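The sequence lines fix the lettering, A, B, ..., with proteins before strands; numbering per chain opens at 1. For clarity, every value in this text was computed on a predicted model and none was experimentally measured.
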Amino acid sequence: MTVRTRFAPSPTGYLHIGGARTAMYSYLYAKAHAGEFVLRIEDTDLERSKREYEEAQIADLKWCGIDWSEGPDCPGEFGPYRQSERTEIYQKYAEQFITEGKAYYCFLSQDELEALSEKAKSEDKSPHAYHDKYRQMDPAEAKAKVAGGAENVIRFKNPRKPYSLKDQVRGKVSWGPDMVGDFVIIRSNGQPVYNFCCVVDDWKMAISHVFRGEEHLNNTLRQLMIYEALGATPPEFGHCSLLVGEDRQKLSKRHGATSVVQYIEQGYLPSAMMNYLCLLGWSHPEEKDIFDINQLGKIFDSARFTKSGAFYDIKKLQHFNGQHLRLLAPEELLNKANQQLSSNDNWNQQDDQWKKTCLELLLEKVNLLSELPEHLEVIFNQSFNLGEAENEALAWESTPQIKAYLSSEIQKLVGSGVKSASAEDFSGWMNHIKKELGIKGKPLFMGMRVVLTGQCHGPDLKVLIPLTPLEVLGKRLA
RNA sequence: GCUCCUAUCGUCUAGCCCGGUCUAGGACACCGCCUUUUCACGGCGGUAACAGGGGUUCGAAUCCCCUUGGGAGUACCA
């Protein structure tokens, strides 16, 4: 049997990092088993679903490096891949359930429903205890009522018996007979409800393995009932641990940046993002931490999922990003940096050789590409705030000599029409200061640094100075 | 309330299924040292955990029970 997994987002917002993670797990699992991965859009909530969100989520998924062989944008033999385009299918099975006595029409109004829930609650019963008022109604009578135009929903007739499941991550999970009531499968507007269409789709699309967040664990009970009513064999389920915030609650917008777009904008690398997310709820058999998820291959199997919720730690993500950044090939790094710095004139005016040298110099200082502009300041900044350490270095008696010498040297170079100093120029200056002025050690290095950059620390001077325009150097000395 | 899930350093986790090799390993963060005549990168080292209580056993992080904590679900959302 071919392994077929799927990711089934609702287009009601941007792709969430938790969604990206389960999508990745499903994708990796399919890849590990030479299977197929499909994308299905769950847009049965007409009010909240938007086509623009569907497009955005597809773009975000692609950015993550996740690819599918079937989906709304590349239909296969199991289509259509949008639930809003599959209503007749759901309708058909709902009607089948009615004729088989596995579901029934319910005419409870919203108000009645609320009153019934209140009543159940006050009697210390489950809220759904009285939602089955029409369960025993004569089917012919109900049908006539529907034909007469009475507003109705279709409720599934709970078999009221225990169910259990062998979950790929949780092991055996079981439920007692009255955890849920007779739940709605078709709304009064004719639209099917999640638990129903999810099952018919997973079944009709021949999905073999379902990986999703733990918040769906209890839904699985309802879904198991529907599989049974359909006479279908349920897929394997794997309910992954939740991503949580600092308060240990399910990650949501109030915890900060939770959409993958936000990380795209902040200049994170997809490889780092996926690597980090992958390790939040799964562990590498060889305890590797930095890796390319696409090289995982057969290593990715469901046995290594973690059961408890994982705190989403941006600090650690940043570390992963830094690691992946330093692993990038120079060409690739240049491309990414060009994207990140597309509006930075100082950067755009330079040639590729300059940029590459510069990146090599600055890379060790950043975890994020978006930190590059501030580090570029050490090259282009013309005014600066002197701190305590800088003032101290400027007050050394040797520093004014260095400053005077360097000023005249730079003046000379400018006069000769050169735009920047060469590495030879720089070592020449250093030798002169050492030999002719007799300054060495800390006063030499720190003196040159503070006079040329206005700071006591920063990147390697002998690489930095040739990158810096003489014009800037001149202004700083003045 | 009810149902389900869950519990190893501050955080992510390895180990648990198949008890002894665990004076519990790695990573982030933090601290120190080395490297760098600066900062960072890198290297080395340090602080730091088996929720509690009962069993079972010669022996338990590992098996069983209870307690406590945390989370999720309880919709005509997904």
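A:Glu123 meets the salt bridge (charged side-chain N to carboxylate O under 4.0 Å, His left out) test with A:Lys125; sequence neighbours excluded.
Nucleotide B:A29 holds its P atom 14 Å from the CZ atom of A:Phe311, rounded to whole Å. Here the C1' atom of nucleotide B:U13 and the CG atom of A:Asp313 are 13 Å apart, to the nearest Å. What separates CG of A:Asn219 from C1' of B:G73 is a distance of 8 Å, to the nearest Å. Separating the CD atom of A:Gln249 from the P atom of B:U6 is a distance of 19 Å, rounded to the nearest angstrom. What separates CZ of A:Phe305 from C1' of B:U13 is a distance of 15 Å, to the nearest Å. Atom pair A:Glu246:CD and B:C12:C1' shows a separation of 15 Å (rounding to whole Å applied). A:Met446 has its CE atom 8 Å from the C1' atom of B:U37, to the nearest Å. One atom, CH2 of A:Trp282, and another, P of B:A27, lie 18 Å apart when rounded to the nearest Å.
Heavy atoms of A:Gly441 sit under 4.0 angstrom from at least one base atom. Across all strands, A:His216 comes closer than 4.0 Å to base atoms (heavy-atom distances). Across all strands shown, A:Thr306 has heavy atoms under 4.0 Å from sugar-phosphate atoms exclusively, and none from any base.
You'll find the ring centres of A:Phe37 and A:Tyr29 outside the 6.0 Å limit. Taking the centre of each ring, A:Phe156 and A:Phe183 come in below the 6.0 Å mark.
Residues from residues 5-17 of chain A placing a heavy atom under 4.0 Å of any atom in RNA chain B, listed by number, are A:Ser10.
OP1 or OP2 of B:C12 sits under 4.0 Å from a side-chain N or O of A:Arg248. Applying the 4.0 Å criterion to OP1 and OP2 of B:G73, one finds that A:Lys250 has a side-chain N or O inside that range. The side chain of A:Gln57 contributes no N or O atom lying less than 4.0 Å from OP1 or OP2 of B:A78. For the pair A:His457 and B:U38, the criterion of a side-chain N or O lying under 4.0 Å from OP1 or OP2 is not met. Contact check, A:Ser308 against B:C5: no side-chain N or O comes under 4.0 Å of OP1 or OP2. Listed pair A:Arg304 / B:C17 fails the phosphate criterion, with no side-chain N or O lying under 4.0 Å from OP1 or OP2.
Stacking of A:Lys145 on the aromatic ring of A:Phe107 is recorded, both the 6.0 Å distance cut-off and the 45° axial limit being met.
Put simply, the residue from A:Arg6, A:Glu70, A:Arg40 that forms a side-chain hydrogen bond (donor to acceptor under 3.5 Å, both in side chains) with A:Tyr81 is A:Glu70. When each of A:Tyr25, A:Phe211, A:Phe291 is checked for a ring-ring contact (aromatic ring centres under 6.0 Å, His included) with A:Phe300, only A:Tyr25 meets the rule.
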What pairs of donor and acceptor atoms, side-chain ones from residues 433-444 of chain A against any protein atom, are under 3.5 angstrom apart with sequence neighbours left out?
none

